[in-house]
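A short worksheet on the structure shown next.
All residue numbers in this chain count up from 1 along the given sequence. These numbers were taken from a predicted model, which means no experiment stands behind them.
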Amino acid sequence: MSETADGAKIVQAYRDHRPYLIDLAFRMLGDIGAAEDAVHDAFTRLLAADVGEISDERGWLIVVTSRLCLDRIRSARSRRERPHDSAEIEFVAPPADALANPADRVTLDDSVSLALLVVLQRLSPAERVVFVLHDIFGMPFPVVAQTVGRTAPACRQLARRARQKVTEGQPGTRADVASAEHRMVTEKFIAACANGDLDGLVAVLAPDAWGDIDLGPDGPVREGAHGAVQVARNLLRFWGPATLVSQPLAGQPALLGFRDGDLAGVLVLGMRDEVIESVHVIADPRKLAALGFQLSGPG
């Protein structure tokens, strides 16, 4: 394959797979800057590789990115630093009467916190990577085994131990794992926003989708958007330049949106079957400051 063809292949791989890889790395590292650095390093290695000999760039990049994350976690532990865990957000629901239409949406308040300590204190680096790859991203154990350099049975044991530690480490906490359908929709949503793909974004929204934003009590009141096209255009306007990563919220698909490394919003996705019917954006500065502080926690 010519250098021109190799270059075009890498550019396409960057466009197609970088959003997914950053999402994957963030769930392992809990730090958006570290996640972006790991993915950048993975593409640097792809540039140095013989691309013509790689039949599955996505699979190759997943393995390399995961191994780089594993190395970073091990290095942090050896230096007694703590990579942050964002395995879930704890959520205390408001009273039932507060969820009547049209305001039946998840909101963040003072009861919301990122459950950082479960994986940080309880999971080994290998357990953490296996847990993220298999339980959160749904990768089969043979693929996980290739990534961490263990056998598939050993990875099953690592995943079992990880689940047990997550459950035992903080009673009442669960690691929200999206269904395969929701995971796929979320992945397409992130990719469409990252690539400015209006048609791709409209495709994952219900025709009658709606969206709104919470800017807090001191922020301006903005009229919500209605219809898939208008919602998609608003999303691309505000979140196209941002970095989005998946972050389940009380069992509901949600995303964290970062700009220049800072948390800029939480996008809560309301699902109807296999499409998104609502996008509620939480951008109240006080709520985001509290979550941002937790994300930057000890480390």
Rounded at 0.5 Å granularity, tell me how far CD in Glu187 sits from CG in Leu24. 10.0 Å
Heavy-atom side-chain proximity of Val130 to Glu127 below 4.5 angstrom: no
Considering only distance and modelled atom types, tabulate donor-acceptor pairs under 3.5 Å from the side chains of residues 237-245, sequence neighbours left out.
unit_1, atom_1, unit_2, atom_2, d
Arg237, NH1, Asn234, OD1, 2.7
Thr243, OG1, Glu36, OE2, 3.1

Going only through I, L, V, M, F, W and Y residues with side-chain contacts under 4.5 Å, is there a path from Trp60 to Leu47? yes
Start with the C-alpha gap between Arg15 and Gln12, add the side-chain angles, then the distance that decides, and say whether side chain to side chain donor-acceptor pair (under 3.5 Å) holds. CA-CA 5 Å; Arg15 174 183 172 85; Gln12 189 63 44; 5.4 Å; no
If you look only at pairs with a residue in residues 189-201, which of them pass as a side chain to side chain donor-acceptor pair (under 3.5 Å), with sequence neighbours excluded? none
Show me the pairs that pass side chain to side chain donor-acceptor pair (under 3.5 Å) and involve residues 262-272, at least two apart or across chains. Asp208-Arg272, Arg272-Glu277
Which value, rounded to the nearest 0.5 Å, describes the distance between Asp16 atom CG and Arg58 atom CZ? 9.0 Å
Show, in sequence, the C-alpha distance, side-chain angles and deciding distance for Arg183 and Ser246, and conclude whether the side chain to side chain donor-acceptor pair (under 3.5 Å) test is met. CA-CA 9 Å; Arg183 174 75 233 172; Ser246 60; 3.1 Å; yes
The reported gap from CG in Asp41 to OG1 in Thr65 (rounded to nearest 0.5 angstrom) is 9.0 Å
One should read off an interatomic distance between Leu269 CG and Ser278 OG, to the nearest 0.5 angstrom, of 7.5 Å
Knowing that exactly one of Val268, Leu267, Leu215 qualifies, which makes a side chain to side chain contact (heavy atoms under 4.5 Å, CB included) with Ile282? Val268
Value rounded to 0.5 Å, distance of CZ in Arg27 from CD in Gln247: 5.0 Å
Transitively linked via ILVMFWY side-chain contacts under 4.5 Å: Leu68 with Val63? no
Do you reckon Val279 sits in the same ILVMFWY cluster as Val275, going by side-chain contacts under 4.5 Å, direct or chained? no
Indicate if Leu236 and Leu205 have the same hydrophobic cluster label, given that clusters are the connected sets of ILVMFWY residues with side-chain heavy-atom separations under 4.5 angstrom. yes
Taking the six-membered ring of Phe43, is NZ or CZ of Arg18 closer than 6.0 Å to its centre and within 45° of its axis? no
Out of curiosity, Gln230 CD to Leu235 CG, how far, rounded to the nearest 0.5 Å? 10.5 Å
Answer whether the closest heavy-atom distance between the side chains of Arg45 and Leu61 falls below 4.5 Å. no
